[in-house]
Number of protein chains: 2
Amino acid sequence: MSSADESLAIGEVARRAGMTVSRIRFYEQTGLLAEPERQSGKRCYRSEVLTQLAIIDAAQRVGFSLDEIRDLVWGRGDPAHERLRQLAIRKLPEIDELIERATAVRHLLAVCSTCRCARIEECRLLTEPAGPSRDQPAEAALKRRITGDASTRT
Amino acid sequence: MSSADESLAIGEVARRAGMTVSRIRFYEQTGLLAEPERQSGKRCYRSEVLTQLAIIDAAQRVGFSLDEIRDLVWGRGDPAHERLRQLAIRKLPEIDELIERATAVRHLLAVCSTCRCARIEECRLLTEPAGPSRDQPAEAALKRRITGDASTRT
DNA sequence: GTCCCACCTCAACCCAGGTTGAGGTCAAGG
DNA sequence: CCTTGACCTCAACCTGGGTTGAGGTGGGAC
């Protein structure tokens, strides 16, 4: 723990990263993770791999595909910060949208779990009144957010 | 648009919901979407389906599986708001974590795209200095957030 | 009437992201 | 020496979430 440079066996890496061994080997196979050194055939990792795995994991969870991550970490060509900037430009809006949607769904769950709707789509927060009463500004906004404006457009 | 109760053909629904026709049929097949009425064999939807589809879509994008969504929308048993509350209790922490991670990744992308690191895992915001200089509180927090504390634990 | 288009069913296929299993190697400990 | 456990490879398999294609029906416009 203090001397972080003693090399780690794959099992140890897996344990610390919270992943299976097979998953780590899979990442190596598919070029996401560099081939580590070996000692008598066995992979020995240095502790940096934990950071790499954590990045992979976090990126995946917010919707990057393994291809994108591979490109991010290992991309050929250009200086890395350049590719990174490109990727950032492409992905930032998506991430923002994800955050917005997540916030809306969060809100929906929180609010609906206090209402007595019989089915979720009948929840007063989401159903178009179809009659004259229009929904409140805030609710309309929530709805627009969760629906991504799709059903709001003509 | 004003008389929202004229029934919609599947193609129209798909267009408005921004999904493929096959995807909508697939949702019906797998019990996510109710079987609509038919007229001479063809599905005719009412406009509510757009809201349902939007909910499904939004929920999916923030990490609900179709099984969970099915259970949410169509779950057998208990009053809906009860199931909804259960689901909310289970999922709210996950959604919160998603939002946190997304925010951290967002931050990472934004910051790293302005730095000159040669490889992402060498980015000064993420690499353990391994020397004496410890990273700043804010950066450490970012790192801890993106790594989900995994590599931070002993 | 016949053309065309949007719809229908059903089964097969596809891709991402891993997991599983068979069969083998190596080093340490009893 | 021999067993045990962690590691190795390679190929096959699995699940989720759809897509694709063949073969068929219906109805409105020309």
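In the text below, chain A, chain B and the rest are named by the order of the sequence lines, each starting its count at 1.
- With sequence neighbours excluded, the residues satisfying side chain to side chain contact (heavy atoms under 4.5 Å, CB included) with Glu97(A) are Arg101(A), Arg61(B).
- The interatomic distance linking Phe26(B) (CZ) with dC14(C) (P) rounds to 17 Å, in whole Å.
- Of the two residues contacting DNA chain C, namely Tyr27(A) and Arg38(B), the nearest-nucleotide position lying further toward the 5' end is that of Arg38(B).
- Here Ser65(A) lies in heavy-atom contact (under 4.0 Å) with sugar-phosphate atoms only.
- Among the atoms of the strands shown, only primed sugar atoms or phosphate atoms (P, OP1, OP2) are found under 4.0 Å from some heavy atom of Ser40(B).
- Note on Thr20(B): only backbone sugar-phosphate atoms sit closer than 4.0 angstrom, heavy atoms only; bases stay farther off.
- Scanning both residues, Ala17(A) and Leu53(A), for their nearest heavy atoms gives CB-CD1, 3.9 Å.
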Distances for protein N or O near nucleotides 2-6 of chain C N or O, under 3.5 Å:
none

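- Between Thr103(B) and Glu100(B), every side-chain heavy-atom pair lies at or beyond the 4.5 Å cut-off.
- Between Arg46(A) and Glu6(A), none of the side-chain N atoms (NZ, or NE/NH1/NH2) sits under 4.0 Å from a carboxylate O, so this pair counts as no salt bridge.
- A close approach under 4.0 Å does occur between a side-chain nitrogen or oxygen of Arg43(B) and OP1 or OP2 of dC8(C).
- Atom-to-atom, CD of Glu35(B) to P of dC8(C) comes out at 12 Å; the value is rounded to the nearest Å.
- Residues satisfying the salt bridge (Lys or Arg N to Asp or Glu O under 4.0 Å) criterion with Lys91(B), sequence neighbours excluded, are Glu68(B), Glu94(B).
- Across the protein-nucleic acid pair, Ile24(A) atom CD1 and dG17(C) atom P stand 17 Å apart, rounded to whole Å.
- Qualifying salt bridge (Lys or Arg N to Asp or Glu O under 4.0 Å) partners for Arg25(B), counting only residues two or more places apart in sequence or in other chains: none.
- Protein chain B contacts DNA chain D over a range whose 5' and 3' limits, counting nucleotides with an atom under 4.0 angstrom from a non-hydrogen atom, are dG17(D) to dG27(D).
- Contact of the Ile55(B) side chain with the Gln60(B) side chain is not registered, since no non-hydrogen atoms from C-beta on lie closer than 4.5 Å.
- Glu68(A) places its CD atom 14 Å from the C1' atom of dG17(C), with the value rounded to the nearest Å.
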Using residues 30-41 of chain B as the side-chain source, report each donor-acceptor pair under 3.5 Å to any protein atom, sequence neighbours left out, with the distance given to one decimal.
from, atom 1, to, atom 2, distance (Å)
Thr30(B), OG1, Phe26(B), O, 2.8
Thr30(B), OG1, Tyr27(B), O, 3.4
Arg38(B), NH1, Gly41(B), O, 2.8

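- Between Leu53(A) atom CG and dG17(C) atom P the separation is 15 Å, expressed in whole Å.
- Look at Gln39(B) and you won't find any side-chain N or O under 4.0 angstrom from OP1 or OP2 of dC7(C).
- Here the NE2 atom belonging to His107(A) is positioned 11.5 Å from the CG atom belonging to Leu92(B), to the nearest 0.5 angstrom.
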